[in-house]
Every structure is written in structure tokens, then in C-alpha cells.
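Everything on this sheet refers to the single structure shown next.
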Amino acid sequence: MTLAELLPSTGCSTEPVLEEGLWPDGTRVAGGDLVIGGLPATQLAARFGTPCQVLDERTVRARATAFRTALPRAEVVFAGKSLPCPEVYRWMAQEGLSLDVSSAGELALAKAAGFPAQRIIMHGNVKTAEDLKAALAYGVSRIVVDSLDEIAQLGALATRGQEVMIRVTPGIDARTHAKIATGVEDQKFGFSLASGAALEAVLRVVEQPSLTLAGLHCHIGSQVRHVASYEEAVRRMVGLIASCGTRISQLDLGGGFCAPYLAGERDFDLAGFAHRITGTLNYECGVHRVPPPRLLIEPGRSIVANAGVTLYRVCAVKHGLTRTFVAVDGGMSDNPRPALYGAKYAVRLVGRGGRPKPVTVVGRHCEAGDVLAEDVPLPHDVHAGDLLAVPATGAYHHALASNYNQVCRPPVVAVKDGVARPIVRRETEEDLLRRYV
Ligand SMILES: Cc1ncc(COP(=O)(O)O)c(C=O)c1O
């Protein structure tokens with residue numbers, strides 16, 4: 001069963017059907033308009049301007065709950081980097097999730113949200129002294145250490161038996177994009193299991209009187225489709241637990257559960273994951289004669305990606321030798337993922353249909369690589385002033401946004417039951433100027 005199948009039904013409609021699984025729950029086409037969270041996209045664009053990142057609160061909450069329901073005994077930790085925003089962190093706290101942060105900055109957002117310290121985990125292959133001090137001062141429950149230098153530094157800074165987890169590189173190729181494959185050997189994250197570095201890290205932590213070893217962690221990558229990759233991670237990590245010679249009470253498998261971006265892509269098989277991972281964990285612990293640790297998972301993208309839709313206004317249409325370019329009022333500053341990883345998106349024109357033709361949707365930035373979507377079908381007469389909607393933009397969009405070309409970053413507008421409210425306001429020129437000395 002997939003994540004979408006575990007969620008409540010989205011009802012039925014006689015209007016054109018949207019691509020399954022890509023849009024927030026309940027999104028529909030009505031009178032040509034696109035209705036998200038009970039509000040027409042044209043209305044949202046008129047009220048909040050474009051580009052505008054729309055986030056459906058019900059979808060976010062339903063996905064967070066789906067993880068907790070599928071794994072009732074596990075600790076579900078929202079990967080805060082996927083959508084850093086105090087209001088979203090508040091929703092997660094209310095849904096009973098924990099939170100992972102990867103810097104003092106993300107921790108500051110968590111504090112602003114009043115997120116309970118005992119449910120916060122701090123990550124990062126580099127944590128500066130400021131990051132560590134902020135984590136210790138707020139009393140975050142666990143810090144995931146990623147280098148011997150950090151173990152020594154944290155050992156010197158901590159005073160009260162700070163719980164730590166060790167980030168392990170299990171040597172697993174989760175068959176995803178190289179830039180988001182974090183479980184393989186010879187990349188910057190974690191301690192290698194194969195080289196013995198992970199075991200050495202265990203010894204170093206145990207030697208530090210101010211640290212308590214709470215668990216082991218691994219994160220094998222992002223957009224991971226195959227449950228088998230996680231099963232293999234469990235096998236290797238339990239093998240390591242058995243050789244630690246000390247009680248390991250938590251096993252954190254990280255995040256990385258895939259989300260669909262294009263029509264026909266499957267949602268992550270959450271029920272299958274829950275069933276197979278629990279079974280594998282119990283089996284491997286039996287074989288190695290170790291007590292099963294508590295499981296933790298850290299979903300980010302799979303909770304927020306499909307809850308988000310970005311609205312853009314078409315500013316110009318140009319006909320090249322072989323391609324038609326549709327230029328919009330945003331681009332790589334609000335979505336650098338196509339340029340970073342070759343990420344692909346679906347695009348829909350809001351308000352009318354028409355005979356489709358393939359076009360390339362490009363941004364407004366001074367880079368030829370500022371392409372949002374290639375070869376997507378839009379009505380042949382697409383023109384300046386049209387409104388475009390891009391689904392699956394809830395994760396790593398607001399988070400990765402920049403103000404390249406001093407283009408102000410778009411707002412994030414939460415929608416729910418016909419009510420819209422900005423939870424991140426649009427950046428202004430005063431915001432930009434504030435930093436210049
Ligand atoms: C340690 C860790 N946990 C969780 C995540 C979340 O991954 P995703 O958003 O793909 O679920 C990441 C993403 O980079 C990560 O580095």
C-alpha cells in the first residue's frame with residue numbers, strides 16, 4: 001500500500017482529473033480554475049502575488065499522521081530542513097512528531113515555534129561551536145555526531161551526559177541521484193562501517209564522560225524508492241550494534257522516502273516499509289542476540305513535497321529555432337532543484353485548456369540553466385499574463401531559495417478549508433537592503 005492510499009479519500013469530481021498523487025489532497029479543477037485547500041488559484045495569485053508557494057495544511061498533517069500510524073512504536077522525526085518554518089514546526093509538534101535541525105539557525109526557528117527540546121535532534125556533518133552551544137543551551141535531546149573532531153569538541157562543551165547518536169555510512173547505494181546519495185562510501189557524511197571508523201567513533205563517545213551513547217544513525221539518501229535499500233541498512237546497522245559491546249537503545253534510519261513529482265510516479269510504499277523494516281529489525285536482533293533498539297525515521301520530503309504548489313505568472317513567450325520558451329516571474333531563485341539535480345516537474349496552466357504543445361518553462365535569472373521544466377505540454381496559445389501551477393513544490397523549495405539577481409523570495413501561503421494565510425511573507429527590497437553595510 002502506498003502513502004496516498006493510507007490517506008483519506010479526496011472525493012470525486014466531474015471536472016478534468018489531475019495527475020494522481022502530485023497535488024495536495026482535495027485539489028480539483030472547478031470551472032477551469034485550480035482549487036487548492038478550498039481556494040481558487042487565481043484568487044490566491046491575485047491576493048498574494050506571484051510567484052507564490054501555496055502549502056495545504058491538511059495534506060501536511062495527514063502525511064505526518066500517516067507515518068505515525070504506520071509505525072506507532074517508532075519515533076517519527078520531521079526533517080526540518082525540508083521546510084524550515086516555525087508554523088510548520090508547530091504543526092509537527094501538534095501531530096506528535098519530533099524534529100531534526102541541522103544548524104543553530106534551524107534551531108532558532110524551532111525555539112520560535114516553542115518546539116519541545118526533548119523532541120529535537122541536531123544533525124549536520126559540520127556543526128560549528130555556535131551550533132553545538134545553541135543545542136546544549138536549549139537542551140536538545142540528541143546530537144548526531146559526524147566526525148572525531150566533533151566528538152572531542154562536544155565532549156569538552158557538554159556537561160550533563162548529553163545523549164548522542166553516531167552517524168554511520170553503511171555503504172548502501174540506494175540508487176538515487178549522486179548528489180543526494182548519502183549512504184555510499186567516500187562522501188562527506190558519517191563514519192564508514194566497512195573501514196571500522198564507526199566502531200572507533202563508538203569507543204570515542206563511550207570514553208567521553210560528558211556524553212552518553214544513545215544510538216546509531218544512518219541516512220542512505222533522498223528520493224529512495226526501494227524498501228529493500230532500508231532493509232539492507234537495518235541488516236548492516238544491527239550487525240554493527242552487535243559488535244559495539246555496549247547497549248544501543250535507538251536506531252535511526254534517517255529519511256529519504258520518495259515523493260512523486262511526475263504523472264505515473266509511485267508514492268512511497270509506507271505500509272510495506274513499516275511491515276518489512278519491523279520484521280527485519282526483529283529478525284536481525286534475534287540472530288545477533290541483541291535487544292531490538294527503538295526505531296526512528298526522519299521523513300521530510302514525503303510529508304511536505306506534495307502539499308505544495310507554486311504559482312507563477314507568464315511574463316513572455318519566445319519561439320526559438322526548435323523550442324518555445326515560456327518565461328515566468330520566478331525561477332532558480334525559488335526552485336534551484338532542476339539546476340542542482342536535474343529535477344523534473346509537471347506544469348499546468350490555470351484557467352483554460354487548449355490543444356497542447358510541448359514548451360520549455362524558464363525562469364527570469366541570468367543563467368541559461370535557469371530552466372524550470374522542459375518539454376511540458378501547455379495550451380498552444382500560452383501567453384503573457386497566464387497563470388501556471390507547479391505541483392510537488394513543498395519540500396526543499398522555500399528551504400533552498402536564494403535571492404539571486406536580488407529577486408525577492410516568494411511567500412509561503414498556508415491554505416486550509418477555504419482560508420489562506422501567509423506563514424512566510426514575501427521578501428521585500430527593505431529586507432534585501434538591510435544587510436548591506
Ligand atoms: C540526516 C537526514 N535525515 C533526514 C533527511 C530528510 O530526507 P528527505 O527529505 O528526503 O526525507 C535528510 C535529508 O537530507 C538528512 O540529511
Side-chain angles (χ1 to χ4, degrees), residues 3 60 63-64 66-67 70-71 74-85 88-89 92 97-103 106-107 110 119-127 131 135 140 142-147 150 164-170 172 174-184 187-191 215-227 229-230 233 237 250-261 265 267-270 273 277 295-308 336-337 340-341 343 392-400:
L3 184 51
V60 174
R63 276 155 194 265
F67 274 99
L71 285 154
E75 182 175 351
V76 181
V77 185
F78 176 60
K81 73 198 76 173
S82 61
L83 182 41
C85 169
V88 174
Y89 291 179
M92 295 301 160
L97 274 71
S98 298
L99 178 71
D100 87 41
V101 297
S102 3
S103 67
E106 283 179 7
L107 180 60
R119 276 160 50 197
I120 298 181
I121 298 177
M122 180 173 266
H123 273 294
N125 72 306
V126 168
K127 298 174 203 75
D131 292 324
V140 308
R142 285 142 293 175
I143 297 177
V144 183
V145 291
D146 200 301
S147 68
E150 187 180 75
V164 301
M165 293 200 273
I166 291 170
R167 178 151 180 172
V168 176
T169 312
I172 290 171
R175 288 183 273 163
T176 183
H177 192 284
K179 287 184 186 163
I180 46 175
T182 53
V184 292
Q187 42 78 41
K188 69 174 188 168
F189 293 104
F191 293 95
L216 299 183
H217 173 281
C218 66
H219 172 74
I220 58 175
S222 272
Q223 276 298 72
V224 180
R225 298 187 184 283
H226 306 283
V227 174
S229 304
Y230 290 101
M237 295 297 280
Q250 297 175 29
L251 174 59
D252 189 336
L253 292 179
F257 315 108
C258 69
Y261 282 78
E265 284 182 3
D267 216 337
F268 187 69
D269 177 13
L270 179 55
F273 169 84
I277 289 305
L295 202 62
L296 286 85
I297 51 168
E298 300 173 337
R301 184 192 313 275
S302 45
I303 290 181
V304 290
N306 299 104
R337 296 187 68 256
L340 270 177
Y341 324 122
T393 57
Y396 303 105
H397 279 239
H398 168 64
L400 288 171

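In each ligand, atom 1 is the first atom listed, and ligand 1 is the first ligand listed. If you're wondering where the values come from, they're calculated on a predicted model, not measured in any experiment.
- Below 4.0 Å from some heavy atom of Tyr396 lie the following atoms of ligand 1, by number and element: 6 (C), 7 (O), 8 (P), 9 (O), 13 (C).
- For His217 and His123, the gap between ring centers is short of 6.0 Å.
- Contacts of His219 with ligand 1, taken as heavy-atom pairs under 4.0 Å, involve the side chain alone.
- Of all atoms in ligand 1, listed by their number and element, those nearer than 4.0 Å to a heavy atom of Ala79 are 4 (C), 5 (C), 6 (C).
- Residue contacts with ligand 1: Gly254 is placed with no nitrogen or oxygen under 3.5 Å of a nitrogen or oxygen of the ligand (distance criterion only).
- Here the OG-NE2 distance, from Ser82 to His398, works out to 10.5 Å after rounding to the nearest 0.5 Å.
- Of the N or O atoms in His217, none lie within a sub-3.5 Å distance of an N or O in ligand 1.
- Note on ligand 1: Gly256 sits in its first shell, one or more heavy atoms being nearer than 4.0 Å.
- Of the possible donor and acceptor atoms, none in the side chain of Tyr396 sits under 3.5 Å from a partner among the backbone N and O of Leu83.
- Proximity of Met92 to Val60: side-chain heavy atoms (C-beta onward) are separated by under 4.5 Å at one or more points.
- For Ser302, no nitrogen or oxygen atom sits less than 3.5 Å from a nitrogen or oxygen atom of ligand 1, counting backbone and side chain alike.
- The CG atom of Asp146 lies 9.0 Å from the NZ atom of Lys188; values are rounded to the nearest 0.5 Å.
- Of all atoms in ligand 1, numbered sequentially from 1 with element shown, those under 4.0 Å from a heavy atom of Ser222 are 7 (O), 8 (P), 10 (O).
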With side-chain contact (heavy atoms from CB on, under 4.5 Å) as the criterion, how do Cys218 and Leu253 come out once you've worked through the C-alpha distance, each side chain's angles and the decisive distance to 0.1 Å? CA-CA 5 Å; Cys218 66; Leu253 292 179; 4.2 Å; yes
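- Nearest heavy atoms, Leu270 versus Ala66: CD2-O, 3.6 Å.
- Of all atoms in ligand 1, numbered sequentially from 1 with element shown, those under 4.0 Å from a heavy atom of Arg301 are 8 (P), 9 (O), 10 (O), 11 (O).
- Atoms of ligand 1 lying under 4.0 Å from at least one heavy atom of Gly300, given by number and element, are 8 (P), 9 (O), 11 (O).
- Below 4.0 Å from some heavy atom of Arg167 lie the following atoms of ligand 1, by number and element: 1 (C).
- If you number the atoms of ligand 1 from 1 as listed, the ones under 4.0 Å from a heavy atom of His123 come out as 1 (C).
- Salt bridge present: Glu150 and Lys127 bring a charged side-chain N and a carboxylate O closer than 4.0 Å.
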